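The next block holds one structure in the form of structure tokens; read it before the comments.
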Amino acid sequence: MTDAGMTDAAMTEPGKGAALSCAGLSREFGAVRAVDGVDLTLPAGARHALIGPNGAGKSTIFRLLAGGLRPGAGRIWLDGADITRSSEARRARLGIGQTFQHSSLFLSMSAGDNIALAARRRLGRPWWPLPTSGRAERERADQLLAEVGLAGRAAAPVALLSHGERRQLELAVALASRPRVLLLDEPAAGLSPAESARLAALVGELPADVALLFVEHDLDLVFRLATRVTVMHLGRVLVSGTPAEVRGSAEVQAAYLGTGAREDLFTGGAT
Amino acid sequence: MIGRPGSAATTAAVAAAVAAAVVLALAAAPLVLAPYAVTVLTRILVFALLAMSLDLLVGITGLPSLGHGAYFGAGAYAAGWVTLHASPSGPVALLVALTAGGLVAAAAGCVAVRARGIFFLMLTLAIGEIVQQLAESWHEVTGGSNGLYGIPAARVGGAALVGDQAVHWWVLAVAATAAAGLWLLASSPFGHALRGIRDNEARMRALGYRVYGYKLAAFVVAGAVAGLAGGLLSAQQRLVTPAELGLGTSIPALLAVTIGGAGTLWGACVGAAVVVLVRDHLGASLGGHGSLLLGAVFVAVVYLLPGGAARALSMPRRRG
Amino acid sequence: MPAWLDTHLVSVLNGLAIGFLLFILAVGLSLVFGMMDVLNLAHGVLFLTGGYMAWAIAGEHPSWLGFAGALAAAAVVGSLAGVGLSLATERLARRSHLDQALLTLGLALIAADALSVMFGDDVHAVGPPPGLDGSVSILGSAYPVYRLAIIAVGAALAAAVHRIVERTALGALVRATVADRQMVSAVGIDDRRVRVAVFGIGSLLAAVAGALGAPIYGVRPGLDATVLVLALVVVVIGGLGSVRGALVGALVIGQIETLGRSLLSDLASFVLFGALALVLVVRPHGLFGDPSGTRS
């Protein structure tokens with residue numbers, strides 16, 4: 001409504017009834033258009049991967065969707081409600097959960113306490129000024145830790161966990177508040193093959209109605225988990241479709257004048 | 001904090017038992033110690049409560065304040081003024097002190113809490129000093145640089161608190177209750193959220209917490225309890241001067257929290273005892289150089305404390 | 001001239017004098033923090049040291065030689081102290097910036113006590129040098145010449161600092177570091193010597209400000225805390241790391257301090273806090289601060 005120059009059609013929510021969607025999303029940093037007119041639709045139950053080389057705008061899109069960054073143009077909807085102007089905290093309260101590329105945990109606490117903090121915000125009384133039994137949080141923590149492969153480690157201090165264990169905890173923390181939309185930023189970064197396999201299994205076991213959007217460089221994982229793939233390039237959507245469509249896409253191949261082997265197309269450096 | 005049910009209950013029980021033992025020992029102190037020692041002990045209690053309130057802010061929430069004396073002083077002045085001009089009732093004076101500390105903290109906090117880290121430190125320092133200057137110049141209410149003197153003895157339950165024993169027990173009762181309240185708050189979901197803010201504010205936002213509100217609430221509670229401690233000072237000393245408001249109070253309070261190991265609340269009490277004894281007694285015996293000693297201790301603590309004062313003050317490391 | 005100005009011209013001039021003095025004091029604090037994230041809480045003590053140098057060397061009725069000697073001594077002591085502080089805090093650079101601030105605080109406590117041992121606890125007065133100790137008639141009121149001299153000296157120093165920061169290589173390095181410290185070190189510039197130099201010069205200016213200000217403020221224990229707060233308010237309002245901000249902030253605070261006190265006396269502190277709060281609410285990074293800074 002306030003975006004001058006945009007027609008009504010452009011600013012209507014694409015894909016009515018989607019869990020999370022955006023239209024015309026743009027963001028500039030000085031002269032650089034990090035994200036340029038991106039449309040994305042995430043229905044409930046989506047398993048949607050966002051891929052592309054470094055600088056393609058994937059992380060920026062995540063920050064725009066999660067609310068840590070304000071868009072220069074465009075709108076974002078959550079379950080039909082316009083959340084473009086909502087703060088990151090408000091979006092989290094409305095049901096968006098996210099993990100960070102570099103594990104963002106509470107280092108002075110135990111694994112269980114990390115999850116309790118996340119769970120209590122949506123499922124308990126986080127402002128209660130007197131000690132509680134904490135049983136509900138404890139049970140949820142134990143359950144989640146078992147799911148992510150850290151069974152029985154509720155009392156483990158986070159500072160002593162390995163990188164892989166922290167990634168697992170990171171996921172558990174994001175799941176703790178039962179989000180409706182889950183944004184995973186390179187969940188498999190730095191994981192061993194065994195840990196990646198466990199991650200894949202875990203994603204497979206997510207509740208069916210959770211909408212998942214994830215950024216990944218590990219293409220095996222992407223094509224195993226995703227039902228839709230969006231390829232980004234220089235801030236724009238290059239191609240968006242099923243994994244097969246993306247693999248066979250002429251545009252994707254043309255954008256990367258590589259040695260022809262499709263597997264080389266997305267070899268980027270570390271982000 | 002949630003840990004395993006058995007161990008949490010056991011730890012809490014042990015802690016409560018130790019605390020009860022300490023309180024009993026402190027209560028028995030006037031019966032065995034000389035009057036001067038009792039006065040010192042009382043002063044330590046007042047300062048310990050102040051340090052605990054600061055620990056809630058610094059150690060638990062991660063907001064390093066160098067202007068906490070302002071709320072202590074606000075409470076002291078409020079209690080002193082009320083006792084002088086309105087009512088000799090001890091509890092009423094303390095209630096007013098609590099409210100005064102909380103209100104001044106609310107006003108200052110609205111502005112200060114928007115900042116973090118060093119910026120917050122600067123702001124609280126500036127605000128604290130400005131409040132002290134205000135106390136020095138507002139003659140009609142605060143008595144200017146002379147302060148409020150000749151404050152009559154507070155009356156509790158019909159009896160006037162005269163003599164170090166009675167004062168000591170009154171201070172002990174109030175301080176112990178307030179300390180228990182702080183401990184309960186710190187162990188609650190609210191306290192857990194404060195620790196989360198200290199550890200990783202960005203993640204707390206991403207989890208949906210209204211961080212500004214929590215920080216402001218912590219600031220106000222810390223200010224209110226500091227005000228309460230100020231009210232106790234007024235009841236004990238029966239004299240309030242602008243010096244209670246400024247860096248002369250704020251710095252030793254921060255030092256007490258640092259020495260004791262921030263975030264534990266009881267550590268602040270230990271630190272408070274150390275600071276009072278070093279500054280007022282060791283310093284006096286060495287020719288009145290209390291603040292030089294305090295400065296030296298500060299420097300030593302900063303250099304030598306394992307992990308640095310940052311670990312003790314539990315501030316998150318800056319990335320990169 | 002408007003009638004209001006006539007009546008309050010004296011206060012306005014005082015405000016300018018205090019303002020320029022505050023600028024000389026605060027610019028070092030601002031640059032050190034902008035460059036290194038080190039909050040030098042010993043800055044007030046540097047000012048006080050300069051004042052004591054003035055009293056010890058120049059005294060109540062100084063000669064020109066005495067006064068110049070005092071300024072020189074303040075400059076030397078200030079820069080040495082600055083270098084020392086830089087080295088002391090450098091050792092803690094890998095730990096949190098809070099540690100560094102607390103370290104400077106501890107050193108300030110020690111220094112303040114040492115000063116009080118060396119010079120006693122009394123309030124001392126310092127006189128202006130001969131020739132500047134008279135008064136001049138301005139619009140019918142007698143106004144101390146020294147304060148006019150301070151305005152002139154302050155403006156000259158402000159111009160000099162501005163020139164150094166805007167026109168020299170050192171200044172460019174300082175500005176670059178304030179704007180993006182990581183980029184500067186990524187480019188490979190070892191800014192360690194620059195850091196020590198900035199700390200040293202900033203401290204030198206603080207001590208000289210103390211010596212220059214001694215005929216106005218006098219010297220007494222506790223003055224260090226008072227001026228530290230003023231310097232902090234100037235830096236917060238003006239924005240960290242900004243010379244322009246320090247100048248504007250200092251002139252504003254100078255006016256508030258003098259005009260405010262003459263108009264409102266008891267409640268001038270409220271005005272100070274009000275100004276601080278207002279600026280922070282409207283522009284949280286100060287008038288000339290960098291909103292994308294990594295500080296808060």
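All values derive from a computational prediction rather than experimental measurement. Chain naming here is simple, since letters A, B, ... match the order of the sequence lines and numbering starts at 1 in each.
Ring pair C/Y52/C/F119 is parallel by interplanar angle, where below 30° counts as parallel and above 60° as perpendicular.
Of the atoms belonging to C/L103, heavy atoms from both backbone and side chain fall under 4.5 Å from chain B. B/L66 touches chain C through its side chain: at least one heavy atom from C-beta onward sits under 4.5 Å away, while N, CA, C and O do not. For C/L230, no part lies near chain B; criterion is any non-hydrogen pair under 4.5 Å. Interface residue B/I130: backbone and side-chain heavy atoms are both found under 4.5 Å from chain C. Within the 4.5 angstrom heavy-atom criterion, no atom of C/A108 approaches chain B.
Contact count versus chain C (heavy atoms, under 4.5 Å) is highest, among B/V131, B/V297, B/L294, B/I251, for B/I251. For the options C/L39, C/V117, C/D113, C/L107, heavy-atom pairs under 4.5 Å to chain B are most numerous at C/D113.
Interatomic distance, B/F120 CZ to B/L123 CG, rounded to the nearest 0.5 Å: 8.0 Å.
Residue pairs meeting the side-chain hydrogen bond (donor to acceptor under 3.5 Å, both in side chains) criterion with at least one member in residues 52-68 of chain B, sequence neighbours excluded: B/S53-B/H68.
A donor-acceptor contact shorter than 3.5 Å is absent between the side chain of B/Q132 and the backbone of B/L245. Distance alone, capped at 3.5 Å, places no donor-acceptor pair between the C/S86 side chain and the C/G82 backbone.
With sequence neighbours excluded, no residue forms a side-chain hydrogen bond (donor to acceptor under 3.5 Å, both in side chains) with B/E129.
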